[in-house]
Amino acid sequence: MISTNILEKFREIETPFYYYDVEVLKSTLDVLKKESDNSGYKIHYAVKANFNPRLLKIISSYGFGADCVSYNEIAAALEAGFNPSEIVFAGVGKTDREIESALKADIFCFNCESIPEIEVINELASKQNKTAVIALRINPYIEAHTHKYITTGIEESKFGINTWELEEVLRKMSGFKNIRLAGMHFHIGSQITRMSVFKSLCTRINELQEWFITHGVSLDIVNVGGGFGIDYENPEKNPAFGDYFSLINELIDLRPGQTLHMEPGRSVVGQCGSLISRVLYIKNGSQTLFAIIDAGMTDLIRPALYQAYHKIENLTSNGNIYRYDVVGPICESSDTFGKYIELPETHRGDLIAIRSAGAYGEVMASRYNLRNLAKAVFSDEL
Ligand SMILES: *Cc1c(COP(=O)(O)O)cnc(C)c1O
């Protein structure tokens with residue numbers, strides 16, 4: 001909740017800006033910590049959801065690991081105090097330089113997405129006289145029932161190794177002297193809200209466990225990835241990690257010596273962030289009232305990119321309710337945060353909050369139209 005006290009402070013700040021409620025973040029992390037301590041599961045926060053250094057520091061202070069998709073993310077994670085022995089490195093297109101740097105940093109594990117990538121890691125590890133620990137990102141062919149741009153576990157996706165390639169991986173392993181195959185990894189998509197999707201994943205994991213055992217391979221890492229969704233309709237609601245952990249605990253058949261790893265991103269940081277903007281103009285169309293605000297798709301691209309819903313609130317009006325198309329200033333029609341949104345009568349100068357913007361918000365900002373990047377403001381620094 002944005003209190004009147006904080007609202008007074010907002011009036012002094014140049015808009016648009018990202019507002020991070022540190023209390024919300026910490027209450028989310030407290031629950032995650034409790035669940036992971038109880039279950040023994042290892043958490044690797046997916047840095048790509050938000051790499052703001054202040055947030056990374058808070059998250060690392062809980063003792064969690066990090067999931068990175070570029071070497072720059074690994075460097076940011078190290079800078080924020082994450083332990084290299086808790087860092088996993090995913091991505092379909094790791095460059096030689098990134099692999100070399102990650103090997104030098106002695107990260108925990110490479111989550112590998114193709115056979116040619118494993119060959120390159122083997123080669124580069126041999127040059128450093130090291131053994132790279134890898135997990136295979138396996139494509140489990142599960143429909144995530146989310147937007148197609150954030151669905152990653154179906155057959156013709158660029159992500160992951162197909163199950164029909166696993167025999168070949170094992171055949172080649174004997175030639176890979178500088179690789180230790182330690183685990184299997186999955187990540188089937190993002191903003192998954194149907195628990196049945198995770199159920200299917202658990203079933204698939206158990207089948208693959210059997211497959212590896214019959215092929216004489218014992219793995220110590222089972223990494224279920226991220227993807228746990230948040231409730232964009234109810235920004236005050238923290239993710240129900242308890243349900244997710246119980247489901248995994250109940251359904252995945254872990255073998256002796258195995259550790260379960262998770263890579264939550266959105267669910268960790270999504271609800272703690274809001275994009276705060278000012279209304280520039282109210283424009284009367286023939287049918288539509290447009291509220292033109294000073295934040296645009298360059299600050300928060302999710303609605304333009306994935307037709308994503310974010311709750312929009314007018315923080316400074318309590319007039320009669322009207323319906324508005326809330327749009328940004330960018331020269332693109334897709335620069336729309338919401339159509340036909342109910343808001344109290346809105347005027348130039350009103351403050352607008354676009355909620356649940358902590359994940360894939362600030363980090364996806366661009367300078368298109370040569371706009372300034374929105375600054376970050378933290379609740380405990382106001
Ligand atoms: C993006 C990503 C995550 C985090 O996904 P969320 O939906 O934000 O939880 C986890 N693992 C991998 C490999 C990813 O690419």
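In listed order, ligands and their atoms are each counted from 1.
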Under 3.5 Å: N/O of G189 near N/O of ligand 1: no

Under-4.0 Å heavy-atom contact with ligand 1, by part of N111 that carries it: neither

Trace of the side chain to side chain donor-acceptor pair (under 3.5 Å) decision for N52 with Y18: CA-CA 11 Å; N52 182 294; Y18 272 95; over 6 Å; no

Protein heavy-atom partner closest to atom 5 (O) of ligand 1 - residue, atom, separation in Å: H187 CE1, 3.3 Å

G227 N/O under 3.5 Å from ligand 1 N/O: yes

F228 ring center within less than 6.0 Å of Y244 ring center: yes

Where ligand 1 meets Y360 - atom numbers and elements under 4.0 angstrom, heavy-atom basis: 1 (C), 4 (C), 5 (O), 6 (P), 8 (O)

Audit row: K48, E73, salt bridge (charged side-chain N to carboxylate O under 4.0 Å, His left out) steps and yes/no: CA-CA 7 Å; K48 79 171 188 289; E73 282 193 358; over 6 Å; no

F89 six-ring face occupied by K94 cation (under 6.0 Å, within 45°): yes

Those atoms of ligand 1 less than 4.0 Å from some heavy atom in R266: 6 (P), 8 (O), 9 (O)

Close-contact set for ligand 1 against E263 heavy atoms, below 4.0 Å: 3 (C), 4 (C), 9 (O), 10 (C), 11 (N), 12 (C), 13 (C)

Proximity flag S267 to ligand 1, non-hydrogen atoms under 4.0 Å: no

N-O pairing of D380 and R54 below 4.0 Å: yes

Check against side chain to side chain donor-acceptor pair (under 3.5 Å), D350 and S317: CA-CA 7 Å; D350 282 350; S317 165; 4.6 Å; no

Inter-residue atom distance Y45.OH - I87.CD1, 0.5 Å rounding: 13.5 Å

Nearest-contact summary for atom 2 (C) of ligand 1 - protein heavy atom, Å: K48 NZ, 2.3 Å

Ligand 1 atoms in contact with S190 (distance to a heavy atom under 4.0 Å): 6 (P), 7 (O), 8 (O)

